[in-house]
Number of protein chains: 2
Amino acid sequence: MRTIDDMDRRILAHLQKDASIPLDDLGARVGLSRNACWRRIKALEESGVIRGRVTLLDPEALGLGLTVFIFVRTSRHEPDWLDKFARATRAMPEILGAYRMSGDLDYLIRARVADVAGYDRLYRALIRKVEMSDVSSSFVMEEIKETTELPL
Amino acid sequence: MRTIDDMDRRILAHLQKDASIPLDDLGARVGLSRNACWRRIKALEESGVIRGRVTLLDPEALGLGLTVFIFVRTSRHEPDWLDKFARATRAMPEILGAYRMSGDLDYLIRARVADVAGYDRLYRALIRKVEMSDVSSSFVMEEIKETTELPL
DNA sequence: AATGAAACGAGATGTCC
DNA sequence: GGACATCTCGTTTCATT
C-alpha cells in the first residue's frame, strides 16, 4: 500500500470537496506543479485510496425529503440470514447504508424516501424479504450535517 | 424548480455512479446527443439538482477503519443548545453525519475514526463542547452497504 | 525519485444551423 | 440534434535537481 504523505493529504482534501477543480488550480493551492499533482493523483487512484469521482444530487429536489434510520434485531444469527439481509439491502436503492453493529442493536439501516408512505412501502418490502424479530424506525427531523468528506 | 423527466433521471443515474464519464459516452448510453446531454446537465446544475462533483476516498486506506454511531439524549431543548450542537458537530471532521431525530432518541451522529482510542478522543471532545445527559455508542462491525447514490 | 516546463491531443464549451 | 470552431485541461515527454 502507498504511504500517504502530507502533500497527498492536501491534494485529497481539495478533491474531496470538489473533484472538478483543474489541475493548474489544484497545483497552485497545494504548491506543486500541474503534473506533479497529476502523478500523485494517478498513484492514489491506482493504489485504491481514491475510489472514484461521483456527482452528488440534492435529495429534496428529487422528492426524497425523508431520511429514516431503521433499527433491526433478529433472533436468527446464522451466516445464511446475514447473506440474505445483505443481498436484500444492496438490492434496494432507497437504502443508502446498512451496518452490522456491536452491542444489543444488531443491524442499522439508513434510507432515503419521499415521505412516510414511502417509508411504509420500504418497510413492507424489507420484512417480506428478510425475517426480522424486532424492527423500529426513527425519522430524521433535521439534517444538521451530512458529508462525504473524510477527516485527513 | 426544474421538472425532472425520465431522460434527466437516466443521465443523473450515470453521473451518480461516475462523474468522469465523457459526454459522448453518456449520450450514447442514454440515447441522446452530446449537446443535448450537456444542456441538460448544465440546467440540472443551475437548478441545484446537481450539488457538485466530489472524489470518494477509501476510509481503510486512510486509517479510518472504524465507523461509529452515537446516540444522544439531552434534557436541554432550547434552540440555543441545538445551535451549539450544530456548530460543534460541523466543526469536527470525524463527524460525517448529524441528525435531529423523531421518537425518544433525540440526536444521532455518524462518525469515522481510526479505532476505539480515536472514538474515545472524539467522545471526550464532544461532551466537553456540548452538554449531554445521555450518550451511548455503537460500533460498526461490518459495513454491508454504503453509497452516495440516491434512488431515481 | 520527484519535480517543473513545454508540447500534444482529447474532450469540453459555446455558437451556428 | 448535428456540425463546427475554439479553448481548456488532462496527458505525455523530457530535462533537471
Side-chain angles (χ1 to χ4, degrees), chain A residues 1-63 147-152, chain B residues 1-64 93 114 147-150 152:
Chain A
M1 181 180 292
R2 180 186 167 82
T3 311
I4 295 157
D5 64 13
D6 204 62
M7 184 56 77
D8 285 336
R9 266 175 235 281
R10 271 198 273 176
I11 291 172
L12 291 173
H14 281 101
L15 292 179
Q16 259 190 324
K17 285 190 204 301
D18 180 10
S20 54
I21 178 176
L23 279 175
D24 278 324
D25 295 14
L26 181 59
R29 279 171 199 270
V30 302
L32 222 56
S33 77
R34 172 176 30 177
N35 59 354
C37 276
W38 181 81
R39 240 193 255 271
R40 282 172 180 268
I41 291 170
K42 212 186 163 200
L44 289 164
E45 278 170 351
E46 271 162 18
S47 68
V49 179
I50 289 179
R51 281 230 176 124
R53 297 166 70 194
V54 301
T55 303
L56 261 27
L57 309 181
D58 181 16
E60 309 284 342
L62 295 165
T147 183
T148 59
E149 279 180 60
L150 300 178
L152 295 169
Chain B
M1 182 179 294
R2 176 186 169 85
T3 311
I4 296 157
D5 64 14
D6 204 63
M7 186 54 78
D8 284 336
R9 266 176 236 280
R10 271 197 272 175
I11 291 172
L12 292 173
H14 280 101
L15 292 180
Q16 258 190 326
K17 285 189 204 302
D18 181 10
S20 54
I21 177 176
L23 276 176
D24 279 325
D25 295 15
L26 180 60
R29 278 170 199 270
V30 301
L32 222 56
S33 75
R34 168 179 41 183
N35 217 328
C37 273
W38 181 77
R39 269 196 283 260
R40 280 174 183 265
I41 291 170
K42 211 187 163 198
L44 289 164
E45 277 169 352
E46 270 162 19
S47 68
V49 178
I50 289 178
R51 281 228 176 127
R53 296 164 70 196
V54 301
T55 303
L56 260 30
L57 309 182
D58 180 16
E60 309 284 341
L62 295 165
L64 297 166
T147 183
T148 58
E149 280 180 59
L150 300 178
L152 296 169

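Protein chains get the first letters and strands the later ones, always in sequence-line order, with residue 1 at the start of each. Please read these numbers as outputs of a predicted model, since none were measured by experiment.
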So does A:Arg9 have more than 12 non-hydrogen atoms from other groups sitting under 6.0 Å from CZ?
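Count over threshold, so yes.
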Applying side-chain contact (heavy atoms from CB on, under 4.5 Å) to B:Leu23 and B:Ile41, what does each step give before you reach the verdict?
CA-CA 10 Å; B:Leu23 276 176; B:Ile41 291 170; 3.8 Å; yes
Over all atoms of both residues, closest heavy-atom pair of B:Pro59 and A:Arg51
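Residues B:Pro59 and A:Arg51, closest heavy atoms: CD-NH2, 4.1 Å.
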For A:Val49 and B:Ala61, which heavy atoms make the closest approach, and how far apart are they?
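Shortest heavy-atom contact: CG2-CB, 4.0 Å.
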Send over the distance from A:Asp6 CG to C:dA2 P, rounded to a whole Å.
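Interatomic distance, CG of A:Asp6 to P of C:dA2: 16 Å.
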What is the per-nucleotide protein-contact pattern of nucleotides 6-17 of chain D, from the 5' end, where B denotes a base atom under 4.0 Å from a protein heavy atom, S denotes such proximity for sugar-phosphate atoms only, and - denotes neither?
---SBBBBB---
From A:Asn35 CG over to A:Lys42 NZ, what is the distance, rounded to the nearest 0.5 angstrom?
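Result: 12.0 Å between the selected atoms.
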Just how far is it from atom CG of B:Leu15 to atom CG of A:Leu57, taken to the nearest 0.5 Å?
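Reported to 0.5 Å precision, the distance equals 8.0 Å.
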Donor-acceptor under 3.5 Å (B:Arg53 side chain, B:Ala19 main chain):
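Such a contact is found between B:Arg53 side chain and B:Ala19 backbone.
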Polar side-chain atom of B:Asp5 near backbone of B:Asp8 as donor-acceptor pair, under 3.5 Å
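Side chain of B:Asp5 to backbone of B:Asp8: a pair is present.
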Measure the angle between the two terminal helix axes of the helix from C:dA1-D:dT17 to C:dC17-D:dG1, five base pairs each, and quote it to 10°.
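Inter-axis angle at the termini of the helix from C:dA1-D:dT17 to C:dC17-D:dG1: 30°.
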